[in-house]
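Notes follow the structure.
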Amino acid sequence: MGEEGGDDGLGGGPNTEDARAFEGFYANHCQAVTSYVRRRAGDAEFGDIVAQVFCVAWRRFDIVPSPPEDRLWLYGVARRIVADHRRSVLRRTKLRQRLAGELAHTTDLPASFELLQSQVAAAMKRLSAREHEVLRLVVWEELSHAEAAARLGCSPNAVEIRYRRARVRFRAAFLAYTGAGSKEALAVTPAITVRPAAGEQPHGGHMPRALITGITGQDGRYLAELLIGKGYQVHGMVRGQANPKAKLVQDEVPEVELIDGDLTDLSSLIAVVEQVQPDEVYNLGAISFVKLSFSQPELTANVSGSGVLRMLEAIRIVGGHDNRIRFYQAATSEMFGEVHEVPQTETTPFHPRSPYGTAKVFGYYTTLNYRESYAIHASNGILFNHTSPRRGLEFVERKISNAVARISLGLQGTLTLGNLETSRDFGYAGDYVEAMWRMLQQDEPGDFVVATGRTWSVREVLDLAFRAVGIEDWAPYVATDGRFRRPAEVDHLVGDASKARAVLGWEPKVEFPQVLEEMVRNDIELERAKANLE
Ligand code: F7E
């Protein structure tokens, strides 16, 4: 075999004297290498791979061992090239899939990877340096947001926000470059796209339809009002025969159409989704009283946990291929339970402390799973305590406002509570339903903490409520009893809603002391009216 390579433009090879020897080598091994590669590569590429194998042999002819080892050496070369080829096919397929995801399947990608690469490069040139960098790290290098944050010297939340903006701009640039987009897609889309209110943008030409489970609760009623104000047709799901609360909803929000269904019955949910054909489903239905969940744990798991799964199944089945139904899950700060950090964010680990909390964790992950498995636009709102005059009397702040009202009217002597030391981040329910709606207007689903960032102990709630009726020292009116305590308690909750502020543009507008004062005032009127009636 030759001693040194000649200059063939491929970076070395045998001199002309050895060219004949190479011809013989090629003739001896061509068939074996061809059939070896044919068994390992596709029809389209095996010819290329064989050519590459002999190209390497040509360049490295100086080191090819003597027969019979030359065949083994050549197989070694072939094996490496086939493996490289497989890796590159895999990488290209993965990149193509990721790209299709980034483009939200708005266009067919060209078959040629080289053409695709040049289109991507052209679109990337239209982005700012920051957008370019974040897309390169998250999409092409597949770094997690935390890893990308370390590289960029910012927080993972900032990466998420930059990435969302970059991918929207990339999509628009790509569609503009390839000419595949519609007119609207060509305009560079804003980072946070809130779908315009009904009327401005018909949902496929129809009035948008929303389905709300838990319509009879505080949040269901506020949300229904909000959506009706935005021009939605609202359907509220009610459970059981002659549900007494249905009348309340009909009196308060007569535009809502009520429909029978039960979160514990999948076939009823399929029928409801089929009948309503909603654009958006808000799953607010749950056994929501934490204390009760300890005495009815199985029912709680069934309604508040498995109920989420059933609703998502109904949406998956009815929505079918290219599912357009968007889903909101009422997750909760109770999932943080025994908190692992203060304040709690979307990345704080869960440690629920009640059957209610564990059921909600199941609902949270089920929502995430349907998003990841079936590409359903499904979001979790991790809402901290929120209240209003419509809050149920079983919850502590309403129990207090109502008792204070009754004490001030001389209708009650003592208020008996459980643990006075716990604290909660309280907001106004009217503000929180706005966050729910905003989540479903995003291009991408997500999970969001919704909170005020300020926490109040039960004692502080007592201070505020009694002060509203002019009582500074409430001790003579308040007793405690173990009956109102829980087997396991959640001591301290306070949320950080930075992500909701940044991505959803959401802000809490009403402060808790104002809400509580209003609740006391409202309860005084209610109790006075009741007393006069009785
Ligand atoms: O308890 C303490 C009690 O039942 C608050 C639900 O909307 O918010 C709510 O869950 C705190 C607890 O609400 C009484 O031990 C003292 O530490 O008003 P609560 P919660 O358990 O925070 C979350 C976000 C949800 O998702 C839930 O659905 O107050 N506490 N004495 C008392 N609580 C009550 N209810 N009654 C008392 O006599």
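The figures here come from the full heavy-atom set of this structure, side chains too, leaving out hydrogens, waters and symmetry mates. Counting starts at 1 for both ligands and their atoms, in listed order.
Taking the six-membered ring where the residue is Trp, Phe426 and Phe512 present parallel rings, their angle staying beneath 30° rather than reaching 60°. Ring planes of Phe336 and Phe384: tilted class, angle from 30 to 60°. Using cut-offs of 30° and 60° for the angle between ring planes, the Tyr364 and Phe350 rings count as perpendicular.
Inclusion of Arg391 in the set of residues having an N or O under 3.5 Å from an N or O of ligand 1 is warranted. Geometrically, ligand 1 and Val396 share a nitrogen or oxygen pair separated by less than 3.5 Å.
The contact set between ligand 1 and Thr422, taken as ligand atoms under 4.0 Å from a residue heavy atom, comprises 2 (C), 11 (C), 12 (C), 17 (O), 29 (O). When each atom of ligand 1 is checked for a heavy atom of Asn419 under 4.0 Å away, the hits are 2 (C), 16 (C), 30 (N), 31 (N). Atom numbering of ligand 1 starts at 1 in the shown order; those under 4.0 Å from a heavy atom of Ser288 are 6 (C), 27 (C), 28 (O). Residue-ligand proximity, Ser333 to ligand 1, at heavy-atom distances under 4.0 Å covers atoms 24 (C). Residue Val290 approaches ligand 1 through these ligand atoms, each under 4.0 Å from one of its heavy atoms: 10 (O), 21 (O). Close contacts of ligand 1 with Phe484, meaning ligand atoms under 4.0 Å from a residue heavy atom, involve 38 (O). Interface of Val458 with ligand 1, defined as ligand atoms under 4.0 Å from a residue heavy atom, comprises 29 (O). The contact set between ligand 1 and Thr332, taken as ligand atoms under 4.0 Å from a residue heavy atom, comprises 23 (C), 24 (C), 25 (C), 26 (O).
Aromatic pair Trp506/Tyr432: centroids less than 6.0 angstrom apart.
In Arg486, the part holding a heavy atom less than 4.0 Å from any atom of ligand 1 is the side chain.
The shortest separation from a heavy atom of Glu394 to ligand 1 is under 4.0 Å, placing the residue in contact.
By the 4.0 Å N-to-carboxylate-O rule, Arg521 lies too far from Glu527 to be salt-bridged with it.
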